[in-house]
There are 2 protein chains.
Amino acid sequence: MLYLIGLGLSYESDITVRGLETVKKCKRVYLEAYTSILMAANKESLESFYGREVILADRELVESGSDQILADADKEDIAFLVVGDPFGATTHTDLIIRARELGIKVESIHNASVMNAVGACGLQLYQFGQTVSLVFFTDSWRPDSFYDKVMENRKIGLHTLLLLDIKVKEQSHENMARGRLIYEPPRYMDIATAASQLLEIEEKRGEQAYTPDTPCVAVSRLGAPTQKFKAGTLKELSEYDSGEPLHTLVMLGRQVHDLELEYLYEFVDDREAFKAFVEKDQEFFKPAPWVPPEEDDFSD
Amino acid sequence: MLYLIGLGLSYESDITVRGLETVKKCKRVYLEAYTSILMAANKESLESFYGREVILADRELVESGSDQILADADKEDIAFLVVGDPFGATTHTDLIIRARELGIKVESIHNASVMNAVGACGLQLYQFGQTVSLVFFTDSWRPDSFYDKVMENRKIGLHTLLLLDIKVKEQSHENMARGRLIYEPPRYMDIATAASQLLEIEEKRGEQAYTPDTPCVAVSRLGAPTQKFKAGTLKELSEYDSGEPLHTLVMLGRQVHDLELEYLYEFVDDREAFKAFVEKDQEFFKPAPWVPPEEDDFSD
């Protein structure tokens, strides 16, 4: 059996009791180690918590070496641990499809992921539209495909969850070209970088999917002991020091309930100013007011 | 301290290790018992698992008697247990806001909820739009406000998660009028009822937000030992026997990736037929094809 086990967001003990019992009985335990990190744990602390060896699975192993992970999984129990939920922002459907092809049974043990725990910022989950990802801009690659998705969400009044880039075990172009297995230090996009990239693209596109005054919530270290929320305009957040990773950004939609707003006030510098920005932003994409038909319309 | 603790979806042991440690040290333990249920556990099995008394909190207690729940929470640890995640489909922001007013610290211990675990059906979470709720129709109340939201999601190609009504501890009109505290047996909407209600509203509205041929996924007992997925058209699912509760329905959007489709094939009766329905459905709301401007347009 292949067990896909979600680890939750931060602590070793964020695994479920059933997840832990399962890890303890598995023959081999892999930890998917390239799409996210546990904020208050590492390989060694997990090994000590489980009383088991943990094998780090990088992108190469998961994408090209999945048969190695699945070896003997028809006869033995294998655990594949994923930060958050196995079906969160990054899914491992390809691994499951491969397991099925090999006739291996698969069971998932779910856990919290940013996709649902983000509700802790006070915005209602059912009012979120599609989720978008922001990648680190480089000198030559500044993709803006997220912009249209944000626009779509905002047009129908929905909040947008923006997942921020994580670079783990990346090689420089030079090292890759020369075949040197030297990796760059990990990088995690912070709130100021995300907000600045958003502002740059709005400047370039100029279609007002949002403006520097659009209210957002900075979600830092969600589920970790130092969790912090900060609500402010995009412009304000482009200068915000969000501290240690991980971070996520939420852009508000027009449909902000009073209860949502009340909750967010806890995270703002100035209630009245924030409320004014929310009200101003709500004017965006409002359906055009109904205009009574002119008499001429009936005159044919 | 008030601890809001997610219980996950099904088993007693779906609680996180940190959640369990916290429950064990709390003075009083409340279980929110009116918006969802754990499918493979009940009050007694939870009490035995925790080694603690569990107090059932019905809607009345949570909405009107929250100060009773919060009593002494400035000095003692109180646990408020929620099926799924505390910030899932139903949030308890009002309880948290009240705690803040009373100067009580609040900590959340997250867990899986239907809002993220639904990814187990193979559809990518980031391709979901806003979530909608379907309530049981009565003779006189057949609300269709969900229809516009489904339309909005479908117009921009997104999947829709439809949460199905749960009636727990409801009184009949007669018993309520006579002040008799007699409650109806619990009811959980099944897939066939949900699909039939959807078809009825499409028939009434006739705006083709979807059709009887629109592909959907029936998600039954998500995270429970008897979890089952079934993919088919809305018409097919209106005749589907989905078995024991709980159920959730997902309506596909236009943006179905090949990998999503490949995954769904496991849950269909007839691959080719399902694929044909998906392709037919993808014609809906497609952006109009680009038409070159006529020469006349340049002639002024």
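In what follows, chains carry the letters A, B, and so on, assigned in the order in which the sequence lines appear, proteins first and then strands, with residues in each chain numbered from 1.
Both the backbone and the side chain of B:I15 come within contact range of chain A, with heavy atoms under 4.5 Å apart. Looking at B:Y263, the atoms closer than 4.5 Å to chain A (heavy atoms on both sides) sit in the backbone and in the side chain alike. Residue contact with chain A, scored on non-hydrogen atoms closer than 4.5 Å, is absent for B:Y265.
In terms of heavy-atom pairs under 4.5 angstrom with chain A, the leader among B:I109, B:N111, B:I96 is B:N111. Put simply, of B:L222, B:I156, B:N153, the one with the most heavy-atom pairs under 4.5 Å next to chain A is B:I156. Heavy-atom pairs under 4.5 Å with chain A peak, among B:E21, B:E266, B:H159, at B:E266. Interface remark: of the candidates B:G122, B:A112, B:G129, B:G19, B:A112 forms the most heavy-atom pairs closer than 4.5 Å to chain A. Heavy-atom pairs under 4.5 Å with chain B peak, among A:G6, A:S133, A:A120, A:G8, at A:A120.
In this structure, B:Y147 has its ring center closer than 6.0 angstrom to the ring center of B:Y210.
Under the 6.0 Å distance and 45° angle rule, B:R100 counts as a cation-pi partner of A:F267.
Put simply, the side chain of A:L261 reaches to within 4.5 Å of the side chain of A:F274, judged on heavy atoms. Between A:L252 and A:L264 the shortest side-chain heavy-atom distance falls below 4.5 Å.
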| Test side-chain contact (heavy atoms from CB on, under 4.5 Å) applied to B:L9 and B:L38, step by step | CA-CA 6 Å; B:L9 296 164; B:L38 279 178; 5.8 Å; no
| request: Report the C-alpha distance between A:E32 and A:R59 in whole Å, list the side-chain angles of each, state the deciding distance to 0.1 Å, and finish with yes or no for salt bridge (Lys or Arg N to Asp or Glu O under 4.0 Å). | output: CA-CA 8 Å; A:E32 191 268 73; A:R59 188 185 296 275; over 6 Å; no
